[in-house]
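Okay, so here's the structure we're looking at.
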Amino acid sequence: MPSKTIDDARLTVHREDPPGDGRYVFYWMQASVRTRHNDALEYAVQQANQTGLPLVVGFGLDADYDDATPRSLRFLVDGLIDVAGGLTRRNIGYVVRAGHPLDVAASLAEEAAVVVMDRNYLREPRRWRAELADNVAVRVVEVEANAVVPVETASDKREWAARTIRPKIERQLERFMEELTTTPIDHRDPPDLESLDPTSADTLLEAIALDDVDMQFSGGEHQARAALRRFVEDGLPNYPDAGTVVTGDLSSRLSMYLHYGHISPVAIALAVENSGTSRGARDAYLEELIVRRELANNYVWFERDYDRFTALPEWARTTLAAHRDDDREVTYTAAELERAQTHDRYWNAAMVEMRETGYLHNRMRMYWGKRILDWTNTPEYAFRVALDLNNRHFLDGRDPNSFANVGWLFGLHDQAFAERDIIGKLRPLTRSGLERKVDVDAYIDHVERITGIEIEGS
DNA sequence: ATCGGCTCGCGCAA
DNA sequence: TGCGCGAAGCCGAT
């Protein structure tokens with residue numbers, strides 16, 4: 001059965017070399033930790049079949065990556081365990097080693113005839129991929145498996161806002177919204193390589209010196225698909241309400257799985273598109289999943305300083321500078337904020353939910369973030385604190401969306417509004433506005449119930 | 001309850 | 001060069 005080839009636009013050939021005389025095709029798994037609907041994995045299978053070699057998938061498990069926490073590591077490990085079953089069933093080798101991802105990959109690449117990599121967007125893994133490609137003498141191909149429209153196919157520059165990238169993405173949707181078929185691998189036993197036991201949570205956790213953690217959400221592609229099924233059945237039909245119901249399960253909660261590559265955005269988009277839900281609800285969700293998410297990819301891909309205040313648009317930095325010395329009614333330090341010790345119970349509830357569960361509804365994220373600007377000494381400090389708390393506490397932290405969303409609090413991809421104290425011309429989001437749109441008492445109850453922590457403040 | 005103004009700059013039409 | 005309009009708003013006038 002001939003398998004469908006991967007769209008050329010998903011491929012970045014780092015090295016054109018013919019396959020080397022290695023013993024296997026090596027897929028360095030990093031950003032797409034799943035066995036279903038993974039373009040990089042399917043491409044690697046096709047390369048294995050073409051070269052007549054077995055396929056080895058390898059992952060470098062590193063407890064020292066930026067902003068790693070017990071919770072984020074546990075979620076990552078959930079994903080690694082899940083992958084083991086899917087790979088074994090397909091007779092694909094699977095190696096998990098503790099260590100820096102680039103070191104683990106470089107070591108496995110030494111005996112590889114072809115190297116396949118998946119793609120994420122942040123600067124460190126981008127540099128690692130380039131470095132690996134520089135240090136081997138075989139064919140090296142990177143495969144985009146985590147976006148609907150590959151970032152450079154959608155646009156060749158940093159986009160200004162959703163409205164500027166939207167038509168560019170929509171023009172390409174038909175081409176890239178395609179089911180990915182699974183390619184059967186020719187039967188060849190993978191080589192026996194040194195690895196941790198990737199089916200044992202205890203082994204993996206021990207390798208990174210991590211005690212088991214209480215988790216509100218579990219990672220892995222099985223949980224991701226369950227979340228998708230739940231969302232398509234219950235959340236999606238009510239999606240117009242999802243923006244104001246902050247306590248329940250209308251939100252998809254898929255962003256954490258997308259962040260770890262436990263699910264494919266194309267698979268989600270197809271499931272939503274093929275559901276029986278109304279056009280309006282489908283479009284509202286697909287706008288978030290594709291246009292806004294891929295605007296964030298565009299931002300970190302084309303803006304070198306995506307994690308810096310200086311990357312914000314000129315008008316936003318100018319207006320914040322003009323209000324730098326405005327009086328603040330109250331200021332808090334990063335530590336006070338993290339302990340949820342402000343005067344504002346809505347804010348404290350949001351901080352507690354974020355800190356204790358790793359999740360927060362979008363509307364609460366916006367309220368949470370906008371207040372930090374009001375309650376800290378300088379906008380630069382506010383930016384740093386918001387990004388740091390975001391990236392350490394959210395299960396979807398350090399995603400391109402993290403940088404775009406925190407930037408949005410400070411004017412990125414947004415427009416100007418009537419000038420106010422402190423925030424200047426940034427879009428305001430007030431406490432009364434939150435009360436207007438959200439059942440705040442129900443929200444406080446919800447947070448107290450799920451965390452067992454009493455929320456203080458007025 | 002609804003509406004216009006606030007405010008900026010991109011991108012397209014002309 | 002002019003003009004419409006936008007990632008989730010707010011406020012005051014009607």
Side-chain angles (χ1 to χ4, degrees), chain A residues 154-171 235 238-247 250-253 255 258 280-300 302-303 306 311-323 326 346-347 350 360-374 379 383 386-387 390 396 399-440 443:
Chain A
S155 171
D156 58 6
K157 61 166 203 223
R158 176 177 162 184
E159 290 290 333
W160 181 257
R163 78 187 147 85
T164 63
I165 202 172
R166 186 176 298 113
K168 300 180 182 181
I169 286 176
E170 285 175 352
R171 271 202 293 278
N238 300 302
Y239 207 66
D241 301 328
T244 52
V245 180
V246 294
T247 51
L250 295 190
S251 301
S252 72
R253 300 204 174 158
S255 65
L258 283 163
R282 277 183 286 160
D283 285 350
Y285 180 72
L286 292 175
E287 164 78 10
E288 290 195 30
L289 174 73
I290 304 174
V291 174
R292 295 187 197 171
R293 182 167 178 272
E294 297 186 4
L295 175 62
N297 291 348
N298 170 277
Y299 179 58
V300 302
F302 289 105
E303 173 50 60
Y306 58 77
L312 296 173
E314 175 86 44
W315 70 267
R317 282 180 290 118
T318 303
T319 193
L320 286 171
H323 291 270
D326 290 0
Y346 310 152
W347 196 92
L360 204 56
H361 188 283
N362 264 345
R363 188 165 291 279
M364 297 311 299
R365 292 187 189 210
M366 292 189 284
Y367 182 72
W368 172 88
K370 287 285 188 179
R371 292 288 72 73
I372 294 176
L373 188 49
D374 291 336
F383 180 86
L387 189 59
N390 181 98
D396 58 14
D399 194 83
N401 270 300
S402 301
F403 299 96
N405 290 346
V406 170
W408 180 84
L409 301 167
F410 296 81
L412 176 70
H413 300 153
D414 204 11
Q415 70 185 101
F417 289 87
E419 196 161 7
R420 299 179 152 222
D421 287 345
I422 304 174
I423 64 169
K425 295 168 183 171
L426 295 189
R427 179 189 300 268
L429 279 184
T430 62
R431 186 177 158 105
S432 51
L434 184 73
E435 286 171 331
R436 223 176 300 128
K437 288 181 188 96
V438 167
D439 185 342
V440 284
Y443 178 63

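To find a chain, count down the sequence lines: A is the first, B the second, and so on, and within it residues start at 1.
Contact annotation: the side chain of A:N297 approaches that of A:E294 to within less than 4.5 Å [non-hydrogen atoms, C-beta and beyond]. Between A:N401 and A:L258, the closest side-chain pair of non-hydrogen atoms is not below 4.5 Å. Looking only at side-chain heavy atoms (C-beta outward), A:I165 and A:V291 come within less than 4.5 Å of each other.
For A:K370, no side-chain nitrogen or oxygen approaches OP1 or OP2 of C:dG9 to under 4.0 Å. Between A:T164 and the phosphate of B:dC10, there is no side-chain N or O to OP1/OP2 separation shorter than 4.0 Å. Between A:K157 and B:dG11 there is a side-chain N or O to OP1 or OP2 distance below 4.0 Å. An OP1 or OP2 oxygen of B:dC8 is reached within less than 4.0 angstrom by a side-chain nitrogen or oxygen of A:K425. For the pair A:K168 and B:dG11, the criterion of a side-chain N or O lying under 4.0 Å from OP1 or OP2 is not met.
Residue contacts shown for A:W408 include a base, since a base heavy atom lies under 4.0 Å away. Within the nucleic acid shown, A:R436 comes within 4.0 Å of sugar-phosphate atoms alone, with no base atom in reach, counting heavy atoms only.
Among the nucleotides C:dA7, C:dC11, B:dG9, the one closest to any side-chain atom of A:R420 is C:dC11. Minimum atom distance to the side chain of A:E159 is reached by B:dG11, of the listed B:dG11, B:dC8, C:dA7. Checking B:dC10, C:dA7, B:dC8 against every side-chain atom of A:W160, the shortest atom distance belongs to B:dC10. Here C:dC10 is the nucleotide among C:dA7, B:dT7, C:dC10 with the atom lying nearest to any side-chain atom of A:K437.
Protein atom CD of A:E287 is 8 Å distant from nucleotide atom C1' of C:dA7, rounded to whole Å. Atom CD1 of A:I165 is separated from atom P of B:dG9 by 21 Å (rounded to the nearest Å). As rounded to whole Å, 8 Å separates atom C1' of B:dG11 from atom CZ of A:R163. The interatomic distance linking A:R166 (CZ) with B:dC10 (P) rounds to 17 Å, in whole Å. Between the CG atom of A:L426 and the P atom of B:dT7 there is a distance of 14 Å, given to the nearest Å. The distance between atom CG of A:N405 and atom C1' of C:dA7, rounded to the nearest whole Å, is 9 Å. Regarding A:M366, its CE atom lies at a distance of 15 Å from the C1' atom of C:dC10, rounded to whole Å. We find that CG of A:L429 is positioned 11 Å from P of C:dC11, with the value rounded to whole Å.
Going from atom CZ of A:R282 over to atom OH of A:Y239 covers 15.0 Å, rounded to the nearest 0.5 Å.
B:dC10 and C:dG9 have their P atoms separated by 24 Å, given to the nearest Å. B:dC12 sits 15 Å from C:dA7 when the P atoms are compared, rounded to a whole Å. The gap from the P atom of B:dG5 to that of C:dC3 amounts to 16 Å, rounded to the nearest Å. One P atom belongs to B:dA14, the other to C:dC5, and the distance between them is 14 Å to the nearest Å.
Under the salt bridge (charged side-chain N to carboxylate O under 4.0 Å, His left out) criterion, the residue pairs touching residues 402-422 of chain A are A:D414-A:R427, with sequence neighbours excluded.
Formation of a donor-acceptor pair under 3.5 Å by the A:K370 side chain with backbone atoms of A:L409 is found in this model. Judged purely by atom type and a 3.5 angstrom limit, A:R363 has no side-chain atom pairing as donor or acceptor with the backbone of A:V245.
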Using Watson-Crick or G-U wobble pairs with both distances under 3.5 Å, give me DNA chain C in dot-bracket, 5' to 3', with [ ] for crossers and | for pairs to another strand. ||||||..||||||
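With A:H413 as the fixed residue, the ring-ring contact (aromatic ring centres under 6.0 Å, His included) test singles out one of A:Y299, A:W160, A:F403: A:Y299.
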